[in-house]
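Input: one structure, supplied below.
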Amino acid sequence: MSTPQPRATIADIPPYVAGRPPTVRPGMTSYKLSSNENPYPPLPGVVEAVQAAVGQMNRYPDMGASALYAALADSLDVPVEDLSVATGSVGLIYQLVQAFCDPGDEVVFAWRSFEAYPIAVTAAGAASVRVPVLPDGRHDLDAMAAAITDRTRIVLVCTPNNPTGPAVTQAELDAFLARVPSHVVVVVDEAYVEFVRMDDPVDGLASYRSRANVVLTRTFSKAYGLAGFRVGYAVAPAPIAAALRAVSLPFGVSTVAQVAAIASLERQPELLERVDALVAERTRVVDGLRAAGWDVPDAQGNFVWFGLGERTADFAQAADELGIVVRPFAGEGARVSIGETEANDRLLQLAASFPR
Ligand SMILES: *Cc1c(COP(=O)(O)O)cnc(C)c1O
């Protein structure tokens with residue numbers, strides 16, 4: 001008897017491996033450093049705003065998310081028509097592929113990079129073209145430009161790159177954009193933009209303003225600490241933003257998520273102070289690791305990459321025993337989020353005892 005069959009490509013979708021919660025160990029606080037979450041609790045006022053909105057759960061959210069669009073347009077100084085809000089920037093990646101790719105069309109991205117990319121691409125029946133990152137974890141933008149073919153519809157530039165850490169410079173991005181055909185969408189995934197501290201950082205808004213094919217994706221999940229609420233946005237030239245809104249999940253962004261995002265935007269200065277504190281911790285961790293002989297790539301996000309190869313599982317196990325959970329990528333390396341001071345201390349402790 002025949003049974004319903006999903007499209008053939010569905011079987012090819014790689015699984016999303018989520019960061020594990022910490023192992024509970026009696027007498028020891030365990031820390032989750034496996035999902036690049038913000039270790040700070042929500043800012044004062046955000047929870048209260050959300051609590052006030054909870055009573056409306058019998059109603060659908062504002063489908064147009066109009067207050068959130070207005071707040072973003074004001075904060076970024078862009079027209080509302082150039083925005084698309086979504087259920088996290090993962091939602092936007094899905095929408096981009098759905099809106100721009102027919103089956104068999106190609107999406108070029110660095111690898112290893114954000115693991116949701118090949119999932120979204122395959123789910124839409126498009127083809128992933130993975131361009132290996134350089135040995136220091138940076139994007140090989142020359143090779144990515146060379147990988148563009150007649151079938152390429154989208155190129156994803158993840159900066160800072162999750163999981164390796166480095167970010168591209170504006171000069172590198174400009175040189176790259178000059179080589180990309182104008183009909184190819186260039187997505188600059190800025191999930192960690194608030195954490196970047198480097199010379200010649202990418203000015204995503206300037207890049208989007210100067211080109212008709214540049215899309216920025218940003219999220220409230222990382223710096224803003226709203227990962228559990230699923231809200232992100234794209235900034236794009238109006239025709240692209242309209243296409244993203246057209247394929248968006250109706251009522252996807254919940255009322256509480258909209259309210260939390262607006263309340264967080266209103267408290268941007270306090271949030272950015274917390275980001276500064278996390279960046280200071282990142283500097284302390286990276287300096288400590290290098291002093292201990294570890295050759296870690298430049299870390300521009302809220303995480304550090306250990307290119308451990310075959311020793312990755314052992315490292316993850318040793319971390320677990322110290323009460324920190326990291327994100328291992330089997331046979332490649334481990335990504336460790338910057339977390340609470342105590343958690344970061346334990347990472348340094350692990351790095352001092354684990355063979356380089
Ligand atoms: C975390 C992350 C995102 C965003 O995730 P959402 O929670 O869906 O907004 C997007 N891109 C990269 C590279 C990330 O690491």
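For the single chain, residues carry numbers from 1 onward in sequence order. Just so you know, ligand 1 is whichever comes first in the structure, and atom 1 is the first atom listed for that ligand.
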Does the structure place the NZ or CZ of R197 under 6.0 Å from the centre of the six-membered ring of F195, at an angle of no more than 45° from the ring's axis?
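Output no; distance or angle outside limits.
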How does S89 reach ligand 1, if at all, at less than 4.0 Å between non-hydrogen atoms: by side chain, backbone, both, or neither?
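Both backbone and side chain of S89 come within 4.0 Å of ligand 1.
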Of T217, T219, T87, N161, which has the heavy atom at the shortest distance from atom 9 (O) of ligand 1?
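Selected option, by shortest heavy-atom distance: T219.
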Ligand-residue contact atoms, ligand 1 with G88, heavy atoms, under 4.0 Å:
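What qualifies from ligand 1 is 6 (P), 8 (O), 9 (O).
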Charged N to carboxylate O under 4.0 angstrom, R20 versus D320?
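Judged by the 4.0 Å cut-off on N to carboxylate O distance, R20 and D320 do form a salt bridge.
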Take a 6.0 Å sphere around CE of M57 and say whether it holds more than 12 heavy atoms from other residues, nucleotides or ligands.
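Check fails, neighbour count at 12 or below.
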Which atoms of ligand 1 sit under 4.0 Å from any heavy atom of C158?
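Counting atoms of ligand 1 from 1, those under 4.0 Å from C158 are 13 (C).
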Have a look at ligand 1 and work out which part of F220, if any, has a heavy atom under 4.0 Å from it: side chain, backbone, both or neither.
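F220 to ligand 1: no contact under 4.0 Å from either part.
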For the rings on W111 and F109, is their centre-to-centre separation under 6.0 Å?
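Between F109 and W111, which both carry aromatic rings, the centre distance is below 6.0 Å.
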Output yes when a side-chain donor or acceptor of H139 lies under 3.5 Å from a complementary backbone atom of V168, and no otherwise.
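A pair under 3.5 Å: no.
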Ligand-residue contact atoms, ligand 1 with N162, heavy atoms, under 4.0 Å:
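This gives 13 (C), 14 (C), 15 (O) as the contact atoms.
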Please determine if G91 has a nitrogen or oxygen closer than 3.5 Å to a nitrogen or oxygen of ligand 1.
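No - when backbone and side-chain N and O of G91 are compared with those of ligand 1, no distance drops under 3.5 Å.
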Would you call the rings of F354 and F315 parallel, tilted or perpendicular, taking 30° and 60° as the class edges?
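Ring orientation of F354 relative to F315: perpendicular.
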Atom 8 (O) of ligand 1: which protein heavy atom is closest, and how many Å away?
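Looking only at protein heavy atoms, the one closest to atom 8 (O) of ligand 1 is R230 NH2, 2.6 Å.
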How far is atom 1 (C) of ligand 1 from its nearest protein heavy atom, and which residue and atom name does that atom have?
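It is K222 NZ, 1.2 Å.
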Can you find an N/O atom of S221 closer than 3.5 Å to an N/O atom of ligand 1?
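N/O-N/O distance under 3.5 Å: yes.
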Classify the contact between D189 and ligand 1 as side chain, backbone, both or neither, using a heavy-atom distance cut-off of under 4.0 Å.
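Side chain only; the backbone of D189 stays clear of ligand 1.
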Are any side-chain N or O atoms of R267 and backbone N or O atoms of P44, one a donor and one an acceptor, separated by less than 3.5 Å?
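Yes; at least one donor-acceptor contact below 3.5 Å.
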Ligand-side contact atoms (ligand 1) for residue partner A191, heavy atom cut-off under 4.0 Å
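So the atoms of ligand 1 that pass are 2 (C), 3 (C), 10 (C), 11 (N), 12 (C), 14 (C).
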When you measure from the side chain of N161 to the backbone of P166, do you find a donor-acceptor pair of N or O atoms at a distance under 3.5 Å?
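Looks like no, no N/O pair under 3.5 Å.
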